[in-house]
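The structure presented is a predicted model; accordingly, all values stated were derived computationally and were not measured.
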Amino acid sequence: MAQQKEELRRGGGQHFVQNKLPSYGLSQLITFFLSVTLMCSLLGIIARNSFLDKSFTTKELVTTENVSALHKGLSASVNSFITSDAGFRLDGDLVTKKQVKEDLNEAINNVYAGQNELLAPSKIVGQITDNFMTQARKQGVSTQSEDFLSYKSNFVAQVETAINNQINNSLLQKGSSFLQKAQHIFHNMYLWGIILSLILAVLLLIQTRSLFRFSYYTGIAFLLVGLLVWLLVELTKVSGMVDNFAASVGMYRSFIVDYGTAVISIFDHYARLYGYIGIFLLGVALVGRLILKNSF
């Protein structure tokens with residue numbers, strides 16, 4: 001009887017000193033939170049490499065096509081204010097493409113610098129007025145006559161109103177306001193997403209106590225995040241969201257289409273990258289499992 005008790009005691013001791021198997025429920029929970037933090041880091045990376053990057057925005061917006069479209073729209077608007085009472089006929093545009101390109105670059109710089117005013121309307125009005133006076137002098141118009149000065153005053157007032165309406169366009173103001181808020185939000189998402197992902201990855205490695213199981217769970221997290229963002233990109237493309245939005249913004253349509261398409265391509269690139277990382281990690285886990293299986 002005493003011998004049976006001793007065997008039971010020893011058996012119980014051996015039971016408690018066995019290596020404890022990792023809790024799959026806890027591993028799955030950590031994987032879920034890792035997916036969330038990876039999603040935050042991914043969105044932060046995409047933002048930093050697209051609309052939060054001034055060089056990216058300048059490259060995508062200040063193109064020959066966009067400058068030409070903006071120049072055409074502004075010229076048509078300004079030139080419409082010239083009537084037969086001006087005493088001369090327009091021989092060219094009152095807004096040059098060079099000036100449009102310079103002003104567009106300045107507006108982008110002001111937005112990313114956090115300036116409240118995209119452009120100084122007085123500067124653009126001054127450029128147009130100078131071009132107006134140059135054309136009048138070339139055609140021999142008496143620029144000091146009372147009639148001309150009265151016409152010029154009315155013309156400048158109309159130009160000021162038109163330029164102010166363009167610069168204070170609600171879409172441009174909303175875009176500028178969004179960018180200033182987004183810089184803070186996405187920077188935090190990027191920073192904390194990476195920090196928390198590293199912490200969770202370490203916890204997952206400790207929890208699984210196996211490099212191959214760790215690769216399996218992290219692979220699932222990366223693949224899930226990449227797949228979700230990729231599906232979002234495809235849904236955006238199919239829905240025509242960018243084109244539908246651009247159709248309502250007049251002369252800025254080409255800007256919205258080109259810029260939106262470029263941003264979507266960045267989303268697509270990094271979504272695929274995360275997906276490929278996930279597939280690679282799952283492949284490592286599969287190879288590891290086969291190695292361990294064949295070694296026993």
Side-chain angles (χ1 to χ4, degrees), residues 47-82 86 88-139 143 152-180 182-183 242 245-246 249-263 266:
R48 286 167 62 90
N49 287 278
S50 57
F51 55 86
L52 293 186
D53 183 4
K54 185 179 75 172
S55 60
F56 170 85
T57 298
T58 301
K59 177 184 175 182
E60 297 301 329
L61 290 185
V62 188
T63 63
T64 301
E65 294 78 9
N66 287 338
V67 170
S68 296
L70 186 57
H71 170 258
K72 182 179 179 180
L74 289 174
S75 293
S77 177
V78 172
N79 292 350
S80 66
F81 300 140
I82 300 293
F88 68 94
R89 185 174 60 85
L90 277 179
D91 185 21
D93 295 319
L94 297 178
V95 182
T96 66
K97 287 185 178 180
K98 180 181 178 181
Q99 290 171 338
V100 170
K101 184 175 181 178
E102 290 174 352
D103 291 339
L104 183 56
N105 276 308
E106 183 179 347
I108 293 173
N109 289 334
N110 289 339
V111 168
Y112 282 90
Q115 300 291 332
N116 294 326
E117 190 175 54
L118 296 180
L119 281 173
S122 58
K123 176 186 176 182
I124 303 177
V125 173
Q127 292 172 342
I128 294 173
T129 303
D130 289 343
N131 293 338
F132 173 80
M133 294 298 292
T134 298
Q135 290 211 26
R137 292 191 187 99
K138 282 184 178 180
Q139 298 189 35
T143 57
K152 175 189 172 184
S153 178
N154 291 332
F155 170 76
V156 171
Q158 289 178 304
V159 170
E160 285 180 341
T161 300
I163 297 301
N164 280 323
N165 288 338
Q166 289 295 334
I167 293 178
N168 295 324
N169 182 289
S170 60
L171 175 65
L172 297 178
Q173 294 299 329
K174 288 178 180 178
S176 177
S177 177
F178 165 78
L179 184 63
Q180 293 178 22
Q183 286 176 327
V242 174
F245 176 71
V249 295
M251 74 172 67
Y252 300 106
R253 183 182 185 281
S254 63
F255 284 73
I256 300 299
V257 172
D258 292 346
Y259 193 66
T261 302
V263 171
I266 297 295

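- Nearest heavy-atom pair across Thr57 and Phe51 is OG1-O, 3.9 Å.
- A donor-acceptor pair under 3.5 Å links the side-chain atoms of Ser68 to the main chain of Thr64, judged by distance alone.
- Put simply, CG on Asn164 and CG on Leu119 are 11.5 Å apart, with the number rounded to the nearest 0.5 Å.
- To the nearest 0.5 angstrom, Ile266 atom CD1 is 12.0 Å from Thr261 atom OG1.
- Distance check: Asn109 CG to Thr58 OG1 gives 6.5 Å after rounding to the nearest 0.5 Å.
- Taking a 6.0 Å sphere around NZ of Lys123, one finds it holds more than 12 heavy atoms contributed by other residues, nucleotides or ligands.
- In this structure, Ser80 and Ser77 approach most closely via the heavy-atom pair OG-O, 2.5 Å.
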Sequence neighbours excluded and cut-off under 3.5 Å, please list the side-chain donor-acceptor pairs for residues 154-162, or say none.
unit_1: Asn154; atom_1: ND2; unit_2: Ser150; atom_2: O; d: 3.4
unit_1: Thr161; atom_1: OG1; unit_2: Ala157; atom_2: O; d: 3.0

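- For the atom pair NE2 of His71 and CD of Gln99, the computed distance is 8.5 Å after rounding to the nearest 0.5 Å.
- Looking at every heavy atom in both residues, Phe56 comes nearest to Ala262 through CZ-CB, 3.7 Å.
- Atoms CG and CD1, from Leu74 and Ile124 in turn, are 7.5 Å apart once rounded to the nearest 0.5 Å.
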* Asked: For Leu179 and Leu52, what are the C-alpha separation, side-chain angles and deciding distance, and is it a side chain to side chain contact (heavy atoms under 4.5 Å, CB included)?
  -> CA-CA 7 Å; Leu179 184 63; Leu52 293 186; 3.6 Å; yes

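- Scanning both residues, Val257 and Val242, for their nearest heavy atoms gives CA-CG1, 3.9 Å.
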* Under the side chain to side chain contact (heavy atoms under 4.5 Å, CB included) criterion, do Leu70 and Phe255 qualify, and how do the steps go? -> CA-CA 9 Å; Leu70 186 57; Phe255 284 73; 4.0 Å; yes

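- Nearest heavy-atom pair across Val95 and Val100 is CG1-CG2, 3.5 Å.
- Here NZ of Lys54 is found 13.0 Å from CG of Leu61. Values are rounded to the nearest 0.5 Å.
- Of all the heavy atoms in Tyr112 and Asp53, the pair that sits closest is OH-O, 3.7 Å.
- Not a single donor-acceptor pair under 3.5 Å links the side chain of Ser75 to the backbone N or O of Lys72.
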* To do: Report the C-alpha separation of Thr129 and Lys152 in whole Å, then their side-chain angles, then the decisive distance to 0.1 Å, and conclude whether the side chain to side chain contact (heavy atoms under 4.5 Å, CB included) test is met.
  => CA-CA 9 Å; Thr129 303; Lys152 175 189 172 184; 3.9 Å; yes

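- Proximity of Glu60 to Asp258: side-chain heavy atoms (C-beta onward) are nowhere separated by under 4.5 Å.
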